[in-house]
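Throughout, a chain's letter reflects where its sequence line sits, starting with A, and its residues are numbered from 1. These figures come from a predicted structure and were not determined experimentally.
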There are 2 protein chains.
Amino acid sequence: MVVTLRDVARAAGVSPATASRALSAPDLVAPARREHVQQVARELGYRPNRAARELITGRTGNLCLVVPDLENPFFAAVAKGVQARARALGFALLVADAEEDPRLESELVGHLGAQVDGVILCSPRMTDVELDRLGRDVLDDDVPLLLVNRLHAGLPSVVIDNADGIRQAVTHLYALGHRRIGYAGGPVGSWSDAQRRRGLEHASHGLRSIDVVDLGHFPPLFGGGVAAGDLVAASGVTAVLAHNDLLALGILSRLRARGVRVPEDVSVVGYDDIPAATLVSPTLTTVTVPLARLGRAAVDLLIEAGSVPTATESALTSAERARHTAPATALGSDRENAGPPSVLIGVELVVRASTGVASAQSSAAGG
Amino acid sequence: MVVTLRDVARAAGVSPATASRALSAPDLVAPARREHVQQVARELGYRPNRAARELITGRTGNLCLVVPDLENPFFAAVAKGVQARARALGFALLVADAEEDPRLESELVGHLGAQVDGVILCSPRMTDVELDRLGRDVLDDDVPLLLVNRLHAGLPSVVIDNADGIRQAVTHLYALGHRRIGYAGGPVGSWSDAQRRRGLEHASHGLRSIDVVDLGHFPPLFGGGVAAGDLVAASGVTAVLAHNDLLALGILSRLRARGVRVPEDVSVVGYDDIPAATLVSPTLTTVTVPLARLGRAAVDLLIEAGSVPTATESALTSAERARHTAPATALGSDRENAGPPSVLIGVELVVRASTGVASAQSSAAGG
DNA sequence: TCGATGAATGAATGCGATTTCAGCACGTTC
DNA sequence: GAACGTGCTGAAATCGCATTCATTCATCGA
């Protein structure tokens, strides 16, 4: 029924060893014979059995991606990029949704890590100790683990330039005349939220007479934004930075419901630039993150860091690979003992309709 | 380094055969011995090698999901449901994004089909002949293929009740006084679009003096809706049904840009109820589809139809499984020779702010 | 012309599990 | 007491492929 390598070998009149080589190490076989075997294999519709190959080589040809929530457009975009790049390199992709649960995250990494050549863990909620344990004890030593949107000693990672995005947003608002700016943060333990807070502090230090109001921590979802919206209205700020777009959209919605006009009364800035940011009215000014590129870079770095051989014949050359992820900046790779490499993905503010000149009225109310 | 079954056997003082049985067919081993082996395995941290197991059993413990676009919230929601159910049954899930390309779709099914126990193909764009070929030639006979949102002879499927959703929407609009209703369709070859057109025709036949205007076919994306918006304005309809929410949101946006008020001048109804439907203003009246349930039902039916043994010890009981997918209606499973079973997922209109009473003015303009 | 080098090939091994198959001890039945 | 099931166990045979090792044969240098 199913065609095996022996069948090919028999049909081609060679030994299984030669057939194997003709297909997966062509240089070792005389050209004429090689062609013949390949031809026969094609005619018979031979498909190598992955399990058998894996059993002997130890490599699966699979990568694994763990995200907190597949339905969240941020992670969906990353997943898309990861999937595309993985396939281009000949890998299949196992995707797991951790349902925002740190414990499930580790469990998934543990389970899936056993049957893949590398793991990409996206925006992990888990603690640093747990992360350490994963890298050390849970995964086999030859299964590299890469973090997206989080830095951790000893693990390679791909992160976005959180601080710079905030800086651009603050600068934009300052230029529009805003002097009292609110920040609606993400969850308490969030690494990227800590980064953004730091960037916010740093950026505001350089500006005269600016006042930053911490509105607190919120679930990075639409519902969180609804709650945040009331605090925005109560705080007397003329502009608000949200930890991400979903939060910003929630704020937008709540402000509208309360009759606060955007951007006339309050300006709102998001982060991530998810598709919905252009679907609403006013369209959302936000920090655009090249999420697909982020995903691609993650795969490339994972392969590189773990020195995982690409899975198939159709793997792109490394030159091509570099081209795909070009504009990213390598962190630490120029220092000699830099440990695992990290890639920093640049971001860019896109100004849309949710930000405008600070109104005198609101300014007065705020001051 | 890595603990193998032989190690466990040696440490427990039994043969590899007994060790194997103690772990994966406990009934065959004397209770005392069984406990002992299991204990030793736990202490040694034994993890069975999936490749070795697969090689001999022929089962991988993986399922595969192919979708046109992971970033599309419709497919993201389905993927989430599929993933959750697969994991609950002990399967890992390979996810592939076909980039809206029918050829890539088949290629992915071919590639991934070789390393999974079942394939779920979501809203395939491919032709019926191609679908036939997949089921017959490409996949191994013991790898079941299930379709989501498409019916095809010989293949099990999970579909949503397209016609009924349209019927509910039309009835709603009719009750609001709309007599001239536009339909902005999906892509030309789309199976679900054909279903909805049929449902539309059928529903309108039952209603007096109703006029349905076919606005044509559009890409089921925001951009398609922008184009459709102009046709809506030009057609003199007082209400429009869109093939899906993204399209509806595009229409909404375009109408607003042109100064057409929703719902005062024109009512808009979407389909799917994606998250963004409640993020916009006015919030979108739409047909809500329980996508996560759809995904879960797909997995269950796939397992059942292919009689794929669930992968692990932690599989839920069939009672539990039934509970998860309860409100779905089985199609054809009560006919004796019904062929592969299909499940019909019910839908429900949710009325929000984008539909209202038909205005006399627009009615006049339309009539 | 002869030994040495190297390319091309085939026989055989093993990856780590599952699964016959046969054997053994024990109890039951005629 | 012989014959026969029953319950557990271990030896050994796969599963499909990659790879080591040995062999053959042609080629080359001296």
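Nucleotide D/dG7 holds its P atom 11 Å from the CG atom of B/L28, rounded to whole Å. Rounded to an integer number of Å, the gap from CG of A/D27 to P of C/dA7 is 12 Å.
At a threshold of 4.0 Å, the pair B/D97-A/R87 does not count as salt-bridged, since none of the basic side-chain nitrogens sits closer than that to a carboxylate oxygen. Using a cutoff of 4.0 Å between basic side-chain nitrogens and carboxylate oxygens, B/D69 and A/K80 are scored as salt-bridged. Electrostatic pairing of A/E100 and A/R125 counts as a salt bridge here, judged by a charged N lying under 4.0 Å from a carboxylate O. Here B/D140 does not pair with A/R47 in a salt bridge; the nearest charged N to carboxylate O distance is not below 4.0 Å.
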Contact pattern, 5' to 3', of nucleotides 10-21 of chain D - B, S or - by protein heavy atom under 4.0 Å: BB--BBBBBBB-
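Under 3.5 Å, the side chains of A/E130 and A/S106 contain a donor-acceptor pair of N or O atoms.
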